[in-house]
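Presented below is the structure to which this report refers.
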Amino acid sequence: MPDWNKCILVTQDVVKKFGGLVAVNKVSIKVPERGIVLIIGPNGSGKSTLVNVISGVYKADGGRIFFRGVDITNKPPHVIYRLGLVRTFQIPQPLRKLTVLENVMLGDAVHPGENVVKALIERAWIKRESELVERAFQILKFLRLDHLWDVESWKLSGGQLKLLEIGRALMANAKMIIMDEPIAGVNPTLAHEIFQRIQEIRDKLGVTFLIIEHRLDIALKYVDYVYAMARGRVISEGPPEKVVNDPQVIEAYLGG
Ligand SMILES: Nc1ncnc2c1ncn2[C@@H]1O[C@H](COP(=O)(O)OP(=O)(O)OP(=O)(O)O)[C@@H](O)[C@H]1O
Ligand SMILES: [Mg+2]
């Protein structure tokens with residue numbers, strides 16, 4: 001269960017502009033430790049931009065971001081990653097030739113935004129220490145992907161790839177995982193399974209989640225708290241049933 005006495009992530013009046021467009025306009029959110037927090041909002045409301053600023057992909061034009069009490073505002077993505085705040089990324093094409101196990105192991109070595117080859121050479125990771133293999137295997141077991149350990153990743157379904165992205169994040173010792181539309185294009189059965197795994201990872205490993213998702217019919221069943229954004233601002237927040245019934249939120253969706 002989320003611990004509201006300990007907020008693992010706090011943003012204060014975060015601003016991000018693209019030229020004249022204020023994509024994120026003074027957004028303040030709190031994410032409790034062990035929470036599963038959802039961000040919703042119509043297309044273009046600034047959800048992805050916000051998480052890109054939090055994870056260091058974009059520089060903020062204003063405001064502050066604290067993770068585990070550390071000011072991470074405008075820190076480089078790999079520094080934020082090493083602190084345990086991991087945003088999952090689609091596994092890039094070249095890495096899909098690697099096996100499922102190898103891809104999980106890479107989570108320990110490389111930030112997704114880094115030049116993989118360069119990073120691997122610098123860290124001389126190729127040794128494949130048995131300890132890392134063991135850990136990666138445990139993670140795959142947890143995700144029920146262990147039977148696929150030797151399969152090349154391109155052979156996985158979209159939903160299995162999402163689980164693999166989570167596996168890489170766990171290998172990176174993530175304390176908090178940010179996911180942008182984890183169940184987009186995933187069939188309903190596997191979509192529920194992904195959220196069940198997310199809950200299990202929270203319950204058993206104590207990992208916190210911040211998730212952007214449009215498929216509310218599925219996502220709302222699994223989350224503790226919701227922020228709704230529109231036009232770069234937070235327009236509503238609270239438990240799922242409160243936020244989705246908030247007239248302001250309904251209007252934001254209908255108004256497009
Ligand atoms: N790199 C960029 N350069 C210029 N404008 C951008 C950039 N990224 C996003 N925007 C603009 O910022 C606004 C917010 O976009 P963002 O992608 O954050 O929305 P979103 O809530 O994630 O939408 P969706 O639900 O469609 O993914 C939009 O008007 C978008 O066109
Ligand atoms: Mg988006």
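We count ligands from 1, going down the list as the structure has it; atoms in each ligand are counted the same way.
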Report task. Provide the protein N, O or S atoms situated under 2.8 Å from the Mg ion (ligand 2); waters are not included. Result -> Ser48 OG

**Report entry** Heavy-atom nearest neighbour in the protein, as seen from atom 18 (O) of ligand 1, with distance rounded to 0.1 Å
**Finding:** Thr49 OG1, 2.6 Å

Query - Closest approach of any protein heavy atom to atom 11 (C) of ligand 1, naming residue and atom - result: Leu21 CD2, 3.5 Å

Query raised in the report: Applying a strict 4.0 Å limit to heavy atoms, is Gly41 in contact with ligand 1?
Result: no

Query raised in the report: Got a sec, which pairs hit salt bridge (Lys or Arg N to Asp or Glu O under 4.0 Å) with one end in residues 33-57, sequence neighbours left out?
Result: none

Query - Non-neighbouring partners of Asp71 that pass salt bridge (Lys or Arg N to Asp or Glu O under 4.0 Å), sequence neighbours left out - result: Arg64

**Report entry** Name of the residue among Leu101, Val100, Leu95 meeting side-chain contact (heavy atoms from CB on, under 4.5 Å) with Leu98
**Finding:** Leu95

**Report entry** Salt bridge present between Arg168 and Glu165 (N-O < 4.0 angstrom)
**Finding:** no

Report task. Specify side chain, backbone, both or neither for Met229, according to which of its non-hydrogen atoms lie closer than 4.0 Å to ligand 1. Result -> neither

**Report entry** Contact partition for Val24 relative to ligand 1, non-hydrogen atoms under 4.0 Å
**Finding:** neither

Query raised in the report: Identify the closest protein heavy atom to atom 1 (N) of ligand 1: which residue and atom is it, and at what distance?
Result: Tyr58 OH, 3.3 Å

Query raised in the report: Near Lys59 NZ, under 6.0 Å, is it more than 12 heavy atoms from other residues, nucleotides or ligands?
Result: yes

Report task. Using the test salt bridge (Lys or Arg N to Asp or Glu O under 4.0 Å), find all partners of Asp246 that sit at least two apart in sequence or belong to another chain. Result -> none

